[in-house]
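Shown next, in structure tokens, is the structure this report addresses.
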Amino acid sequence: MEVKISIDKDFKIGQVDDNLFSSFIEHLGRAVYTGIYEPGHPQADEQGFRKDVIEMVKDLHVGLVRYPGGNFLSNYNWKDGIGPKDKRPVRLDRAWHSIEPNEIGIDEFYDWSQKAGTSVMGAVNMGTGTIQDAGDMVEYCNFPGGTYWSDLRRKNGHDKPYGIKTWCIGNEMDGPWQLGHLTADEYGKKAVEAAKLMKWTDDSIKVVVCGSASTSMPTYPEWDRVILEHSYDWADYVSIHRYYENFGDDDDFLASFFDMDQFIKTSCATCDYVKALKRSKKTMYLSFDEWNVWYQQRKEPHPWVKAPRILEDHYSLLDALVVGGMGITLLNHADRVKVACLAQLVNVIAPIFTEPGKAAYKQTIYYPFRDISLYGRGKTLLAQVKSPLKETKKYGEVPTVISSVTWNEEKNEVAVFVLNTSKSESAVTNICLSSFEKAEMTMRTELCGDLSAKNSLDAADTVKAHPVELSQADNKANFTVELKAASWNVLLFKVK
């Protein structure tokens with residue numbers, strides 16, 4: 001199989017926002033308790049946060065971490081999680097059939113984010129919560145002092161405000177599984193009033209309104225149109241969520257990128273319709289604040305306990321390739337997708353996995369996410385990819401090989417990410433960088449092998465990216481490389 005990737009520095013898609021490489025921690029399963037927080041663990045710091053997890057998060061260079069939910073958000077009172085720990089109430093988390101001890105709240109999570117080298121993407125309850133609750137939370141977190149809520153934060157040990165700049169107004173409010181579920185009109189009106197109260201408390205913040213929870217919802221995309229007609233003037237982003245799983249056809253699964261691409265285009269079209277309807281000059285951006293592989297068909301009944309073992313998917317190399325394809329898609333829509341959160345970060349459908357009292361390790365999906373976060377900075381270029389097509393049952397004909405290209409002008413560096421979805425054929429690939437005066441390949445890695453292979457506590461490095469021998473260019477800045485069957489590839493070039 002022969003493939004050609006043509007790259008022209010003048011053909012730009014858009015600037016990559018640092019928040020495209022964000023993630024998500026919800027009070028769900030073991031994401032918080034025995035995930036990021038485990039007092040008494042050999043690696044626990046003075047606040048009970050696991051230092052081994054913090055180091056792995058630092059290595060991902062995560063922009064934002066969305067907190068505290070998720071479905072958990074719609075029945076959560078943030079005021080339960082502040083003040084002396086021994087006086088905090090223990091609550092039922094009805095979203096995930098769990099016991100919530102409220103040992104971790106916004107104060108502790110802010111501290112954790114600072115240690116992990118990331119920022120908080122706040123979220124306010126639009127289910128059982130009120131717009132006043134939302135405004136109070138912004139005041140508590142962001143107002144310097146001299147008011148009830150800001151002084152209470154100072155009394156609780158944080159003199160300086162947190163400066164949380166991005167806020168989700170609710171979560172998946174069109175979902176009937178959501179506590180306090182609303183119609184589009186009901187949510188649109190409530191979201192506007194919440195946004196006003198929040199922005200009138202801190203006019204520097206940006207807010208995300210809830211788009212439809214899934215493309216499979218009967219409300220999609222009509223919900224998005226209705227809520228945007230209410231909130232367009234106040235919102236900065238509309239959220240979109242999408243998960244994929246393997247239903248038994250690997251080719252369909254590997255082509256998940258195609259569905260994700262169509263989803264983004266439809267969401268943008270809906271936003272642009274409302275922009276035209278309102279005669280607005282503002283472009284609405286997308287916050288893809290939940291995306292990942294998630295095997296939702298697995299049912300996990302459990303009793304009422306703290307931090308139950310739920311949604312703990314153990315990922316294979318095949319899953320990692322799919323995540324790589326999704327990462328390529330996000331980069332190729334960098335002009336409109338400005339925030340994207342891999343959901344989630346630790347234990348729950350996550351790149352990092354821990355065992356209580358034991359070590360942490362990197363799941364297979366850690367590697368493609370880290371690759372795009374480390375090297376996918378700068379501007380996305382519109383690469384022309386000539387690839388054979390392959391037939392899938394679910395999506396019809398899709399490209400066998402896909403790619404995204406970023407140009408970091410500060411570093412004079414071009415990064416090329418390539419996914420070969422063929423399970424049987426390698427791809428002899430020509431990469432043309434002739435629009436640059438000079439190009440030199442400086443790094444190349446690949447992720448490939450047994451598609452069913454997984455990492456574990458006892459075999460943490462079964463699946464990981466490996467360096468590959470570098471190639472030299474011909475006199476026209478063409479590089480020829482062979483990409484193995486079913487492989488995720490990263491190539492870096494120094495350019496002028």
Side-chain angles (χ1 to χ4, degrees), residues 14-25 61-69 73 78-79 82 105-107 109-114 116-126 129-154 156-171 190-211 227-228 230-239 271 275 280-289 334 336-341:
Q15 181 70 36
V16 179
D17 195 301
D18 288 343
N19 293 332
L20 196 72
F21 315 107
S22 296
S23 195
F24 184 20
I25 285 285
H61 295 266
V62 174
L64 299 171
V65 179
R66 184 169 171 243
Y67 174 86
L73 179 66
W78 70 271
K79 297 164 189 175
I82 60 174
I106 188 59
D107 295 324
F109 191 77
Y110 172 77
D111 289 342
W112 177 85
S113 73
Q114 297 304 288
T118 184
S119 298
V120 178
M121 182 182 189
V124 296
N125 177 354
M126 286 290 105
T130 67
I131 63 169
Q132 186 64 59
D133 294 330
D136 291 346
M137 188 175 184
V138 174
E139 180 183 337
Y140 182 88
C141 292
N142 286 8
F143 203 78
T147 67
Y148 176 80
W149 289 111
S150 61
D151 284 346
L152 184 58
R153 181 200 70 243
R154 298 174 71 182
N156 289 338
H158 291 78
D159 187 61
K160 294 182 179 179
Y162 302 151
I164 298 173
K165 296 303 182 185
T166 311
W167 292 82
C168 299
I169 302 181
N171 174 74
K190 189 174 183 179
V192 166
E193 297 309 313
K196 285 161 59 177
L197 193 53
M198 294 164 74
K199 288 192 170 186
W200 288 349
T201 303
D202 180 352
D203 62 8
S204 70
I205 66 171
K206 293 185 177 182
V207 298
V208 184
V209 293
C210 295
I227 64 102
L228 283 172
H230 284 287
S231 63
Y232 201 90
D233 294 337
W234 286 93
D236 300 283
Y237 311 93
V238 61
S239 72
C271 292
K275 177 181 180 178
S280 176
K281 294 181 179 180
K282 181 175 80 174
T283 296
M284 185 63 63
Y285 294 112
L286 304 185
S287 175
F288 210 134
D289 45 47
R336 296 299 292 271
V337 181
K338 296 300 181 181
V339 180
C341 302

Side-chain heavy atoms of W167 within contact of N142, under 4.5 Å: yes
From S22 atom OG to D17 atom CG, the distance as rounded to the nearest 0.5 Å: 8.0 Å
Within 6.0 Å of NZ in K206, more than 12 heavy atoms from elsewhere: no
For the student: nearest non-hydrogen atoms of M137 and A123, plus distance: SD-O, 3.8 Å
Candidates D151, T201, N156 - the one meeting side-chain hydrogen bond (donor to acceptor under 3.5 Å, both in side chains) with Y140: N156
Nearest atoms (heavy-atom pairs only) where A334 meets G14: CB-O, 4.2 Å
Smallest separation among heavy atoms of A194 and I131, with atom names: N-CG2, 3.7 Å
Worked check of side-chain contact (heavy atoms from CB on, under 4.5 Å) between D202 and K165: CA-CA 9 Å; D202 180 352; K165 296 303 182 185; 4.0 Å; yes
Sidechain-backbone polar pair: R154 side chain, P161 backbone, donor-acceptor under 3.5 Å: no
Non-hydrogen side-chain atoms of D107 and Y162 separated by less than 4.5 Å: yes
Nearest non-hydrogen partners of G135 and L197, listed with the distance: CA-CG, 4.0 Å
Atom pair CE/CG of M126 and N171 - distance to nearest 0.5 Å: 12.0 Å
Pair E193 + K196: basic N to acidic O under 4.0 Å: yes
Spacing of NZ belonging to K275 relative to OG1 belonging to T283, to within rounding of 0.5 Å: 3.0 Å
Stepwise side-chain contact (heavy atoms from CB on, under 4.5 Å) check, S113 with V65: CA-CA 8 Å; S113 73; V65 179; over 6 Å; no
Check against side-chain contact (heavy atoms from CB on, under 4.5 Å), D136 and Y148: CA-CA 9 Å; D136 291 346; Y148 176 80; over 6 Å; no
Spacing of Y110 atom OH and S119 atom OG [to the nearest 0.5 Å]: 8.0 Å
Close side-chain approach of W112 to T118, heavy-atom, < 4.5 Å: yes
Side chains of L64 and D289 in contact at under 4.5 Å (non-hydrogen atoms): no
pair I169-K190: side-chain heavy atoms closer than 4.5 Å: no
Within the 6.0 Å centroid threshold, strictly below: W149 and W78: yes
Note, D236 side chain near K338 side chain (heavy atom, < 4.5 Å): no
Side-chain donor/acceptor of R66 to backbone N/O of M121, under 3.5 Å: no
Whether W234 and W200 hold their rings parallel, tilted or perpendicular, with breakpoints at 30° and 60°: perpendicular
K79 and its side chain to side chain contact (heavy atoms under 4.5 Å, CB included) partner, picked from D133, I106, L152: D133
I25 side chain near F109 side chain, heavy-atom distance below 4.5 Å: yes
Nearest heavy-atom neighbours spanning V62 and S23: CG1-N, 3.7 Å
Closest contact, heavy atoms only, V209 versus A191: CG1-CB, 4.3 Å
Euclidean distance, M284 CE relative to S231 OG, rounded to 0.5 Å: 6.0 Å
Atom pair CG (L286) and CG (L20), whose distance is rounded to the nearest 0.5 Å: 11.0 Å
Within-4.5 Å side-chain heavy-atom neighbours: I205 and I164: no
Stacked cation flag K282 on Y232, 6.0 angstrom / 45 deg: yes
